[in-house]
Amino acid sequence: MATAAEIAQALEEIAVLLELAGENPFKSRAYANAARLLRGFDGGVDQFLEQARAGQIKGVGEALVEKMADFQANGRSAYLDELRSGFPPGLLELLRVPGLGAKKVKALYEALHIASLADLETACRENRLLDLAGFGQKTQDNILAGIAQLREYSGRFLYSTARAQAEALLEHLRQTGAAQRLEVAGSLRRRRETVKDIDILATSKTPKKLMDAFVGHPDVRRVTGHGSTKSSVVLATGIAADLRVLDDSQFAAALVHFTGSKDHNIQLRALAKTQDRTLSEYGLFASEKPLRLRDEAAVYKALGLHFVPPELREGLDEIERAAAGEFPRLIEVSDLRGALHVHTNYSDGDLPLRRMAEATRARGWQYLGVCDHSQSAAYAGGMKPDDVKRQHEEIDRLNEELAPFRIFKGVEADILVDGALDYDEATLATFDFVIASVHSRFNLSEAEMTRRIVAAIENPFTTMVGHLTGRLLLSREGYAIDVPAVLEAAARHGAAIELNAHPYRLDLDWRWHRKATALGVPIPICPDAHKEEGLDDVAYGVGVARKGCLTADNVPNCWDVKKIAAFFARRKK
Ligand code: DGT
Ligand code: CA
Ligand code: ZN
């Protein structure tokens, strides 16, 4: 048995699907109308059906009554199920985006084959909605905002979003002058690619002042707790944040505990136990007495371990390694010497080549590897061979002018469905280096996709593979691919695998970095910048590279001009 509200909702969905299917608009309107009447009806469903059968409810004819009766009796509607099965499931999700009705969804599907939220987001980011009748910059911006809003309800946030929010909170807390120690903990401190919430720890002589400032921050939408040792809020972005104020003597142990991860903590506690001690968020205890621990390094030292950088605390092999010796110095942003994978207005970037070169140089870097899209990427204004020639002439001129700063002639070449690169050999030979990326036909089987990418790696012109899995964090899973097989192929052929630093990608995932470096596969950290500020995304890449235990040696764009030029030259025929 279905309730009136359930039936009305089903009728509304039928109305939308009929419109999507391009049926007679009167039919669609009849269902929407029936839903409205049912919602406003003063009486039960049975009564409504009875009156409708008697012809007393305007616009609700026999066919409609039968469909409603079917739903009423069976709790579901065969008609609705049949309509639904005629569309890709992702298409219906599009209707959840504020401002997108059946008409717009239909246009997106028919003109651009957009059939999921992920497709839609990608299309917006590639400005593909701008030329579509009935759409434009404003609609596109609204759709992106709508998608962000939907994602908010998924309960996790991009690192970049949470980090910006946390920095604003920390700055606000610092300005009170009421905090002595102040640190972000949790997944944010470990630089996970997505995080659930912001965990902040502090010590203070005037905790009340600090707590009041915290809950009073202008970004706070809701206060869910307000005490003297712990307060909790939900921010305008939807992210929750906690502030804990601790006693100074407990701060170090608490910072270890709340930084986590849970698995790391469990292993640390097990280790403490083997030493007849207890580790908790309150301290490290030998019998009843807490050890005096000034900072985190002291906690690890007391356990017989070298300091474990927060990024590595994921419960993998870090404790074993910390027992055996010091960690190598992990990569830092200041180790970077150049930017590879940067787009200009030769394809879908915002700025002219010269501006991107100047922006790169202004960041203290010595070289830029410009990589516009190749010819198949028509939506991104991919370069025809003539454009390539024109760009190379401009690069030659700029290189003379800007020396010793160096622009390398790169390209982001589409990997076609058979694994071929998107230019003939004569054109490929004119580049200093080639990033080979998949931008189409994501739905191959794992075996086919792996074969496709391995074929691209076998091509001697390929320097590296771009954004290996194509994932968009919180919105699109990567395509099916055998990552170890790809890493092994890269090792065999001397190719690199990019770590795309865009905060939505962070692909190659850090969980594969150890395997890649063990095989000797270099991992350049690439901004994939389409505008000037995009260059700074490398910081996100460095964060996850640290999780992957990468050092500057593993990352080609930490090498000097000479060494990277030699690396590029090595693979070309
Ligand atoms: P997330 O989901 O992005 O917020 O990830 P975390 O790691 O920030 O997790 P959260 O905020 O639930 O907890 C913060 C830290 O507290 C976590 O990294 C480790 C510690 N913790 C939480 N639950 C447990 C637990 O059940 N056992 C232990 N040993 N530690 C825990
Ligand atoms: Ca957390
Ligand atoms: Zn790309």
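Sequential numbering from 1 along the given sequence is applied to the chain's residues. When a ligand or atom number is given, it counts from 1 through the structure's own listing order.
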Participant: N/O of Thr194 under 3.5 Å from N/O of ligand 1, yes or no?
Facilitator: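 Between Thr194 and ligand 1, no N or O pair is found under 3.5 Å apart.
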Participant: Flag the pair Asn557 / Tyr367 as yes when at least one side-chain heavy-atom distance between them is below 4.5 Å, and no otherwise.
Facilitator: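 When only atoms from C-beta onward are counted, Tyr367 and Asn557 do touch, with a gap below 4.5 Å.
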Participant: Would you mind listing which atoms of ligand 1 come within a distance below 4.0 Å of any non-hydrogen atom of Arg269?
Facilitator: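 By the 4.0 Å cutoff, the relevant atoms are 29 (N).
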Participant: Taking NZ, NE, NH1 and NH2 as the nitrogens, is one of them in Arg441 or Glu448 under 4.0 Å from a carboxylate oxygen of the other?
Facilitator: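 Not counted as a salt bridge, because no side-chain N and carboxylate O are separated by less than 4.0 Å.
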Participant: Are more than 12 heavy atoms, taken from residues, nucleotides or ligands other than Phe567, located less than 6.0 Å from that residue's CZ atom?
Facilitator: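 Yes, enclosed.
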Participant: May I ask you to identify, for Ser261, whether its side chain, its backbone, both or neither come under 4.0 Å of ligand 1 on a heavy-atom basis?
Facilitator: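 Backbone only.
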Participant: Where is the nearest protein heavy atom to atom 4 (O) of ligand 1: which residue, which atom, and how far?
Facilitator: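 Scanning the protein heavy atoms, the shortest distance from atom 4 (O) of ligand 1 goes to Asp197 OD1, 3.1 Å.
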Participant: Passes side chain to side chain donor-acceptor pair (under 3.5 Å), Tyr540 versus Arg163? Steps please.
Facilitator: CA-CA 10 Å; Tyr540 303 122; Arg163 170 56 66 181; over 6 Å; no
Participant: Where is the nearest protein heavy atom to atom 6 (P) of ligand 1: which residue, which atom, and how far?
Facilitator: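 That would be Ser187 N, 3.7 Å.
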Participant: Is it true that, when you exclude Arg222 itself, more than 12 heavy atoms of the residues, nucleotides or ligands shown sit nearer than 6.0 Å to its CZ?
Facilitator: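 Not buried by this count: 12 neighbours or fewer within 6.0 Å.
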Participant: Mind telling me whether Tyr423 and Phe431 have parallel, tilted or perpendicular rings, with 30° and 60° as the class edges?
Facilitator: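 Tilted.
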Participant: Checking only N/O/S atoms, does His467 have one that is under 2.8 Å from the Zn ion (ligand 3)?
Facilitator: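 Yes - counting backbone and side chain alike, His467 has an N, O or S atom under 2.8 Å.
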Participant: So Phe408 and Phe568, would you call those rings parallel, tilted or perpendicular, with 30° and 60° as cut-offs?
Facilitator: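 The rings of Phe408 and Phe568 stand perpendicular, inter-plane angle above 60°.
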Participant: Does some non-hydrogen atom of the protein lie less than 4.0 angstrom from atom 9 (O) of ligand 1?
Facilitator: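 Protein heavy atom within 4.0 Å of atom 9 (O) of ligand 1: absent.
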Participant: For Thr259, take its heavy atoms, then give the atoms of ligand 1 lying under 4.0 Å from any of them.
Facilitator: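 Numbered from 1, ligand 1 contributes 18 (O).
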Participant: Identify the closest protein heavy atom to atom 30 (N) of ligand 1: which residue and atom is it, and at what distance?
Facilitator: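 The answer is Asn265 ND2, 3.3 Å.
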Participant: Provide the number and element of each atom of ligand 1 under 4.0 Å from a heavy atom of Asp199.
Facilitator: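 The list of qualifying atoms is 8 (O), 11 (O).
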Participant: Please identify which atoms of ligand 1 are closer than 4.0 Å to at least one heavy atom of Gly260.
Facilitator: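 By the 4.0 Å cutoff, the relevant atoms are 17 (C), 18 (O), 19 (C).
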Participant: Atom 16 (O) of ligand 1: which protein heavy atom is closest, and how many Å away?
Facilitator: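 For atom 16 (O) of ligand 1, the nearest protein heavy atom is His257 O, 3.6 Å.
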Participant: Could you check whether any side-chain heavy atom of Val184 comes within less than 4.5 Å of a side-chain heavy atom of Leu170, counting everything from C-beta outward?
Facilitator: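 Heavy-atom side-chain distance check passes, below 4.5 Å.
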Participant: What residue and atom, counting heavy atoms only, is the protein's closest point to atom 23 (N) of ligand 1, and at what distance?
Facilitator: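 Here the closest protein heavy atom is Lys262 CD, 4.3 Å.
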Participant: Under 4.0 Å, counting heavy atoms only: does Arg156 come that close to any atom of ligand 1?
Facilitator: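 Contact present.
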Participant: Quick check on atom 20 (C) of ligand 1 - does any protein heavy atom sit closer than 4.0 Å to it?
Facilitator: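 Yes, there is a protein heavy atom closer to it than 4.0 Å.
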Participant: Apply side chain to side chain donor-acceptor pair (under 3.5 Å) to Asp141 and Gln137, showing your working.
Facilitator: CA-CA 6 Å; Asp141 292 346; Gln137 186 71 54; 3.2 Å; yes
Participant: From the N, O or S atoms in Asp199, identify the one nearest to the Ca ion (ligand 2).
Facilitator: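 Answer by atom name: OD2.
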Participant: Would you kindly specify which portion of Arg192 sits under 4.0 Å from ligand 1, judged on non-hydrogen atoms: side chain, backbone, both or neither?
Facilitator: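 Neither; nothing of Arg192 gets under 4.0 Å from ligand 1.
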Participant: Give the name of the N/O/S atom in Glu412 that lies closest to the Zn ion (ligand 3).
Facilitator: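 The Glu412 atom nearest to the Zn ion (ligand 3), restricting to N, O or S, is OE2.
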Participant: Under 4.0 Å from a heavy atom of Gly186: give me the atoms of ligand 1 that qualify, with their elements.
Facilitator: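 Every atom of ligand 1 under 4.0 Å from some heavy atom of Gly186: 8 (O).
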Participant: Would you mind checking if Asp509 and Arg511 are paired as a salt bridge, meaning a charged N to carboxylate O distance below 4.0 Å?
Facilitator: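 Salt bridge present between Arg511 and Asp509.
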Participant: I'd like the atom name of the N/O/S atom in Asp197 lying closest to the Ca ion (ligand 2).
Facilitator: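 Of all N, O or S atoms belonging to Asp197, OD1 is the one nearest the Ca ion (ligand 2).
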Participant: Verify side chain to side chain donor-acceptor pair (under 3.5 Å) between Glu412 and His467, making sure each step is shown before the conclusion.
Facilitator: CA-CA 11 Å; Glu412 182 176 19; His467 44 72; 3.1 Å; yes
Participant: Determine the sole option in Arg190, Lys262, His264 for which the side chain to side chain donor-acceptor pair (under 3.5 Å) test with Glu314 is passed.
Facilitator: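 It is Arg190, the one option of Arg190, Lys262, His264 that forms the side chain to side chain donor-acceptor pair (under 3.5 Å) with Glu314.
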Participant: Nearest protein heavy atom to atom 7 (O) of ligand 1, by residue and atom, and its distance?
Facilitator: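 Result: Arg190 NH1, 2.9 Å.
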Participant: Does Asp242 have a heavy atom less than 4.0 Å from any atom of ligand 1?
Facilitator: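 Distance cut 4.0 Å: Asp242 fails for ligand 1.
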Participant: Taking atom types as modelled and ignoring hydrogens, do the side chains of His502 and Asp537 form a donor-acceptor contact shorter than 3.5 angstrom?
Facilitator: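 Per modelled atom types, His502 and Asp537 side chains form no pair under 3.5 Å.
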Participant: If every non-hydrogen atom of Glu394 is compared with every non-hydrogen atom of Arg354, which pair is closest and at what distance?
Facilitator: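 So the two residues come closest at OE2-N, 4.2 Å.
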Participant: Can you pull out the closest protein heavy atom to atom 15 (C) of ligand 1? Residue, atom name and distance to 0.1 Å, please.
Facilitator: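 Nearest protein contact, heavy atoms only, for atom 15 (C) of ligand 1 is Phe258 O, 3.4 Å.
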Participant: Would you confirm whether any non-hydrogen atom of the protein falls under 4.0 Å from atom 13 (O) of ligand 1?
Facilitator: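 Answer no: nothing from the protein, no heavy atom, is under 4.0 Å.
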Participant: Of all the N, O or S atoms in His439, which has the shortest distance to the Zn ion (ligand 3)?
Facilitator: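 For His439, the N, O or S atom at the smallest distance from the Zn ion (ligand 3) is NE2.
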Participant: Just wondering, do Arg128 and Thr122 contact through their side chains at under 4.5 Å, heavy atoms?
Facilitator: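 No, side chains not in contact.
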